[in-house]
Amino acid sequence: MRLDFLRGERLPNIWCPGCGNGIVLHALLEAIDQLQLDPDKVVLVSGIGCSSRAPAYTAFDNVHTLHGRAIPVATGIKLANLDLTVIVVTGDGDSSAIGGNHLIHAARRDVNITVVVFNNYNYGMTGGQASPLTPISSITTTTPNGNLDRPFDLVKLAAGAGATYVARSGIYFTKHLVDHLRKAIAHDGFSLVDAVAQCPTYFGRFNKKGSAGQMVTSQKDWMVLKSVAEKKTPEELAGKIIIGEFVNIERHAPVSAAAPKEQA
Amino acid sequence: MRLDFLRGERLPNIWCPGCGNGIVLHALLEAIDQLQLDPDKVVLVSGIGCSSRAPAYTAFDNVHTLHGRAIPVATGIKLANLDLTVIVVTGDGDSSAIGGNHLIHAARRDVNITVVVFNNYNYGMTGGQASPLTPISSITTTTPNGNLDRPFDLVKLAAGAGATYVARSGIYFTKHLVDHLRKAIAHDGFSLVDAVAQCPTYFGRFNKKGSAGQMVTSQKDWMVLKSVAEKKTPEELAGKIIIGEFVNIERHAPVSAAAPKEQA
Amino acid sequence: MPEKKTFKITHNRKWCKNCGICVAVCPKKVFKIDRNDRHAIVNPQDCIGCQMCVEHCPDFALAVEEVKNE
Amino acid sequence: MPEKKTFKITHNRKWCKNCGICVAVCPKKVFKIDRNDRHAIVNPQDCIGCQMCVEHCPDFALAVEEVKNE
Amino acid sequence: MSEKMVLMQGNEAVTEGAIAAGVRFYAGYPITPSTEIAEIMAKRMPQVGGTFIQMEDEIASIMAIVGASMAGKKVLTATSGPGFSLMQEGLGYACMVEAPIVILDSMRYGPSTGMATKVSQMDLMQTRWGTHGDHWVIVLSPSSVEESYQLTIRAVNLAEKYRNPVIVLSDETISHLREPIDTSISPTIVDRRLPTEKAGYLPYKTDESLVPTIANVGTGFRTSFTGLVHSESGFQTANGHVAEALVERLRDKLFNNLDDIIQFETDRVEDADILFMSFGITARGVSEAVESLRSHGRKAGSLRFITLFPFDDDRVRKAAGNGRTIVVPELNSGQLVLLVKRVFGDSRKVVPMNKINGDLISPQEILSFLREENL
Amino acid sequence: MSEKMVLMQGNEAVTEGAIAAGVRFYAGYPITPSTEIAEIMAKRMPQVGGTFIQMEDEIASIMAIVGASMAGKKVLTATSGPGFSLMQEGLGYACMVEAPIVILDSMRYGPSTGMATKVSQMDLMQTRWGTHGDHWVIVLSPSSVEESYQLTIRAVNLAEKYRNPVIVLSDETISHLREPIDTSISPTIVDRRLPTEKAGYLPYKTDESLVPTIANVGTGFRTSFTGLVHSESGFQTANGHVAEALVERLRDKLFNNLDDIIQFETDRVEDADILFMSFGITARGVSEAVESLRSHGRKAGSLRFITLFPFDDDRVRKAAGNGRTIVVPELNSGQLVLLVKRVFGDSRKVVPMNKINGDLISPQEILSFLREENL
Amino acid sequence: MSNDNRFELRMTGSGGQGLILGSIILAEAAIMEGKIVTQSQVYGAEARGGTTKAELVISNKHIAYPKVTDPDLLAAMTNEGLKQYGGGISRKTEVIIDSSVMSAPDFLDEENCRGLLALPIRSTLISRLESELGLNIVLLGIIEGLTAIVEVEILRKAIAMHVKKQFLNLNMKALDLGMEMVEAQAKTGIRI
Amino acid sequence: MSNDNRFELRMTGSGGQGLILGSIILAEAAIMEGKIVTQSQVYGAEARGGTTKAELVISNKHIAYPKVTDPDLLAAMTNEGLKQYGGGISRKTEVIIDSSVMSAPDFLDEENCRGLLALPIRSTLISRLESELGLNIVLLGIIEGLTAIVEVEILRKAIAMHVKKQFLNLNMKALDLGMEMVEAQAKTGIRI
Ligand SMILES: Cc1ncc(C[n+]2csc(CCOP(=O)(O)OP(=O)(O)O)c2C)c(N)n1
Ligand SMILES: Cc1ncc(C[n+]2csc(CCOP(=O)(O)OP(=O)(O)O)c2C)c(N)n1
Ligand code: SF4
Ligand code: SF4
Ligand code: SF4
Ligand code: SF4
Ligand code: SF4
Ligand code: SF4
Ligand SMILES: [Mg+2]
Ligand SMILES: [Mg+2]
């Protein structure tokens, strides 16, 4: 990772000790570096949330927008200047709660931007409320007795909306994460990476996930590579999250190409 | 259909001659009749659009809300009084453009309401603009050179968001439509029916689809029953819309049960 | 061979918008839209009571009932 | 058997938040969090340059470079 | 002080007030500095047999409480500036369908995301004019934790009585302040009037109160609601006369009852030659400043707006006594002062005092201000 | 009149004005009565090398134009009341990041969905106070098709010059009215100032103009934008002094230039003893009424607000002459009149004249009103 | 044209009759002659397929109030149209109705209008030109015949700008037909 | 307590030290004695894990202005805390610092505060109770020792309402420790 992609003068960052956001940011900067993009032509756009503070630590043009609204701003920037690489940095709440509509519409339009979801399964910024990605039964400040609502599967949601590149990774698997971020950015069309990170301060603490270090290394235990998962039975996969590339199709291909089997 | 489900004093309706909305409404009332629901306990909630005027012609409690906002109002009503059968009447624009976020979140929560999308592939009320369901290349007033954006596949979108009952039908196939509306209402959990109807005034006229009668009967030509489609090749299905039941699973089943194959 | 059933077609002129859908869907050409762009019942005797017209009329303007001749 | 490589570990105390993630991910137990809850490099000589600590440090506080001894 | 006093945070007092008033449905979306209201409601609603739902955003939140209100529940949502901006379309809808709802807006520093954890009073005018179209809302402004409790009860009561949205305009300081409050006194509760006769039922037909007796959905009355201009039947019409009558009634149902709705708190206004007009948290610095001025022989007085809207020029004029100079301290660039100026024109000296750095106006600052301005 | 006159609808004039002013990006969502603007832009933008995009809603629309503006485009969106309510959060954001954007709001009858195809002037105060937090916008109000063209150009210029949102407040009647306009005169075009030196670049540092010279994204300056309170560097801070300075600058960059921004049209104000104050379409009925009153020997005059906000009491006072009576006709329950009352207090007789049935105020109605009110 | 130089026209009928286009064509002709115009119409969902109204004000000088308040001419092409938008006329107003689709309304007399001209517009169009298209242009012909508000040749130019080539001829004939009907009105029309 | 019956306390330190809870406990004790209190704190994202401030006003009568403007007591548990929230003190203010984590700041003297009490709070807690928990309660003990603002027994009751059973004993000892430290301050503390 090129250190000059960071605004050193603004560090240390505001994140809590052990917050996963820095790890995703690190991977993102590494992916940008690997692609050898002209840093003058990279724009990071974010919403509101802990994760959405990430762009302001980078040396690129960066736009911290409103809660949930990074994607339409990114769409405006991209359409106004097609030379730019526009990357949206967003949280699970920012992208899938208040910003859910923009997410599915960007996927549908196949606008050539990349959305990186810093997914910590809760609203970190406001103190650990449930997000649409919070697993069932998890404790948050707004689900004191355990979450009753089912979460979205962000991969399915994006795919269902027509995204042409969708991947999921976790911060433990840094190479995997960088690879998929790189492919997503390079993808010609709408791309999304669900990057699972930890919020030790709230989600971790409320759900007894241990220290930040434990939250990082435990990803080994509950994440399964897609290639591995394909050889496993549903029982073996119970409670596991599968990581890898789920959709990678040509831009503006007939929608049926991405059609889940059961629906066509 | 029980005629006393209609408010005769408010007819004729405001719809254009040959508008498909009346046919969907007819089918919906028939489905409600078949289920022998207590009419005092049925509430129809709609957004804004030609289609969203339908509830006000019925003799049930009915709530004409804001553009895109029928689903959260319906959610509030349902959660406030679980005894009620709450049905959302909405347009393709109302449900999938401005109201897209509420749609996916209601599907995710599996709130026990039924969403009936009167899908005429455009914004009728405001004069025939493109909607998120307008097919590629179609002419509308905001796509004078043909629509460039891909449409959503509403079935995939709802399934991707976690809906536990999703079906599609067309106004030509009235029995099929009534059957699926009935099943959707009876379904314990979130249900959605994509009911394809005609807007002869705008979408039909701009895209040379012929008279209202032709638009109705031509559904025979470009709609294929799911059971039939399963025996066809992708080539044979090109340009066709498949109708039938796409998702019908237990409420709050583990999400993986609805997982498109390619994603798990 | 069963006796041929007969049907009574009720048309509500106040609600009808003369859109022609019933004309298009009726398998027996019972209706037409006349020269004044008005809905007309032209072959009621051919009606087989299939309800296609009723179910497809967007304006709730049609009813078709079997005439029981006891 | 190839010569054992040696690595220089740079730790930026100003940015480090002593979160312990490097401790958890390092396969060689190079770091620990000391009694004052402070990050400490305890076994630098064991470092194999795998970069796990660098890539997982959320605060950009670590760098590990091979020391070329020509 | 008694055994019954409990230390409570402002946000908690709102939830307890709401529950005491009968609120049994809360929909919301977290936002600083109102978040604790959602968090406490998540715990409390199930305990009292109510429903808590966290919605996908603030638009959904206000629409969900409108729906629940139509179904007969007393309802609340809470938010802050950015979320309140998103609720504006829904707020107008609630005015139009006459759904009783209560919205708490805890003001933080704006514009935009501004400073989420700092106090301001910058949303005052937005409560009145945020949504499009002619409409009227009731806006109440607490200045303490105790009053957060009391005014939330009052807000629910007024919403039900007038079938109108009521906004409780709080702020970051009050939201997070802890003070002892007495919750043991059982409050007066007002319930919406419901129709009894199905025959001839017209949901928007009113008696002289001008407040409609609309049935709750699901009770067999088969009501039609719409945000479009509608006649007494509840059905849409484009008739200009009906439109005019409807909008006028929406105003008059409140303006005919200003005595019931409008409350001020006054302190030694009668003989004051310097009068402070303020609302909310700012009034507490004022109160101490007045005390101090009086103790130094200066005839100071205070008028605190408990009800901010409807704002009635005549009542303000009457309540204001004859003080030559009116000082209007507020945590914004001048909003309340615009209203006060309208009331008094050139007949009094109206002096704005504004602070927009995210802190409160202290009594000392008020005293210095008077000195600097030679007041 | 010349060969160059073309019959144009108000909405079309807006699009042609925008294109003449250099607008090359339009994002919007259809809504009556502004829909034709989107429809025409869908055709026209590709013809002039610009971009048209229909977004999923009005929130996305305003955010998309903010993004495109940051990337250097001149931008427009158009909407009406319900959509304008949804845009409020984004509007505050544009104020805070100082993105030049132009929003057209064509007023229809409210509140809520109201009567979509009927005219009103009910969104006036919303343009000023719709979003939360202290903020300032420029609001221009055309009263004809010709002026829809001219003021759209002016709106784009002012937005670029002051890096501030500008609202063109039109209405259903003007939107759909057709009048001949002359588009052959090439308009003056203002472009935003851009920085030249990368060294020491601070996006929000300003010279005495108080308007920042922010680089367009993608031009190598690596700017940071945020809706949070930010220092000259563009980065967030919770420093109260910085906050205060920022909000004051947002005000002063406009208020130091009121001569440039504020325009009235006056007609025989000097000797008028009855003065009409109005804006937009209502001013045209006024104009004919004044003519008629003068022809009957009555000293009538008119002040029409072309710029509605910033609203400067002093300038209004000066422009108003000495007429004893001021009549304020408007298509709402009284909004402009509140501002006028603030300016004149009890020093003049300020008489509201309101019409809220979805029709215009005709000259005849004004004359009858004067008779009925004994004015 | 009334003495104050302002000519006010209101046309009402049903959605598909092209009255709005007719008013635009006349407006453009007036502009070509250097006149000022304001054209407006009822708008929107409520009017879909239903009753419509088009208004035009023509003047030699600046037009302040843009709507018709006291029409010089009211043309009603359907009963519904006359019912909905027939109000607001005065003794200054000449009323035209299409007697082939409606009968002369009894509420109109010398007291409240200047005159009523009942012409069988639609039927004449169908019988003479064997077309249903061009009703709005026949009406323009009638208006032109009655008022000579613009030069006929300029009116033709304006029509040509708005109709497809293949229908140009038909529309010119329609215009002529309208003017003829006025000329012949003493014989065929009813005028009160 | 100052003569106007109003006692103002400000505590500052780092996020995890429990100062806000400490202020709430003291507030509740005061309420039990029939006093009026207002308790507040800095709030929010910016303060996460970082520096914090808790304020308490206690009075026998209605408290109008709810924030501390002229503290009677300022307790700073970290250097950062003192730097950020040490302003606004006066000659009325008694300052307490934890000398085990910070040195006596040179900007404090008789000119700008009433006195400075430097006590090795954290280190004493660790050495005497072998715990890192209870720092806030030790501080409460010190405050109580200095001001006797509430009855000790009531303070104990308030503490008991807020701590888990298994830590109750430890916290009571922490309170005692704080009070002891004040008693012993002539010997162990530095007071300017
Ligand atoms: C309109 C609006 N509503 C609510 C908020 C408050 N808010 C700020 S961030 C946030 C959630 C952040 O969660 P997520 O996107 O998951 O980011 P994280 O902090 O977890 O990284 C919320 C609710 C806001 N700023 N604006
Ligand atoms: C906030 C808001 N934006 C826009 C509109 C304008 N509008 C009304 S209906 C509609 C689209 C309707 O399309 P659809 O939902 O497909 O219904 P249809 O008329 O086709 O049945 C739009 C854009 C509105 N009423 N409110
Ligand atoms: S609250 Fe959670 S997401 Fe936010 S900075 Fe702390 S650990 Fe990270
Ligand atoms: S515009 Fe289209 S959708 Fe609307 S009523 Fe007419 S035909 Fe139906
Ligand atoms: S389908 Fe119905 S409305 Fe249409 S012509 Fe037939 S009867 Fe009339
Ligand atoms: S019931 Fe069937 S056969 Fe009879 S008229 Fe209707 S469509 Fe024709
Ligand atoms: S991972 Fe980084 S921040 Fe955490 S302890 Fe190690 S060096 Fe410090
Ligand atoms: S590079 Fe690898 S071995 Fe070396 S310190 Fe880091 S994690 Fe440990
Ligand atoms: Mg999150
Ligand atoms: Mg539609």
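Proteins come first, then strands; the chains are lettered A, B, ... in the order of their sequence lines, and each starts at number 1.
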Structural part of E:Ile53 lying under 4.5 Å from a heavy atom of chain B = side chain

Count the heavy-atom pairs under 4.5 Å between each of E:Thr226, E:Thr51, E:Thr223 and chain B, then report the option with the highest count.
-> E:Thr223

Do you know which of E:Met55, E:Met70, E:Arg24 has the most heavy-atom pairs with chain B at a distance under 4.5 angstrom?
-> E:Met55

Taking it one step at a time, do B:Trp15 and B:Leu25 satisfy side-chain contact (heavy atoms from CB on, under 4.5 Å)?
-> CA-CA 12 Å; B:Trp15 295 316; B:Leu25 177 60; 4.1 Å; yes

E:Thr219, part contacting chain B, at a heavy-atom distance under 4.5 Å | backbone

Is chain E contacted by the side chain of B:Pro39, its backbone, both, or neither, given a heavy-atom distance below 4.5 Å?
-> both

Checking heavy atoms, do the side chain of B:Leu79, its backbone, both or neither come under 4.5 Å from chain E?
-> both

Between B:Tyr165 and B:Phe190, is the gap from one ring center to the other below 6.0 Å?
-> no

Salt bridge B:Asp153-B:Lys156, side-chain N to carboxylate O under 4.0 Å | yes

Please list all pairs passing the salt bridge (charged side-chain N to carboxylate O under 4.0 Å, His left out) test where one or both residues lie in residues 3-18 of chain B, with sequence neighbours left out.
-> B:Arg2-B:Asp4

Under a 4.5 Å heavy-atom cutoff, which of E:Ala71, E:Ala68, E:Gly50 has the most pairs with chain B?
-> E:Ala68

Residues 192-205 of chain E: residues contacting chain B (heavy atom under 4.5 Å, by number) = E:Lys198

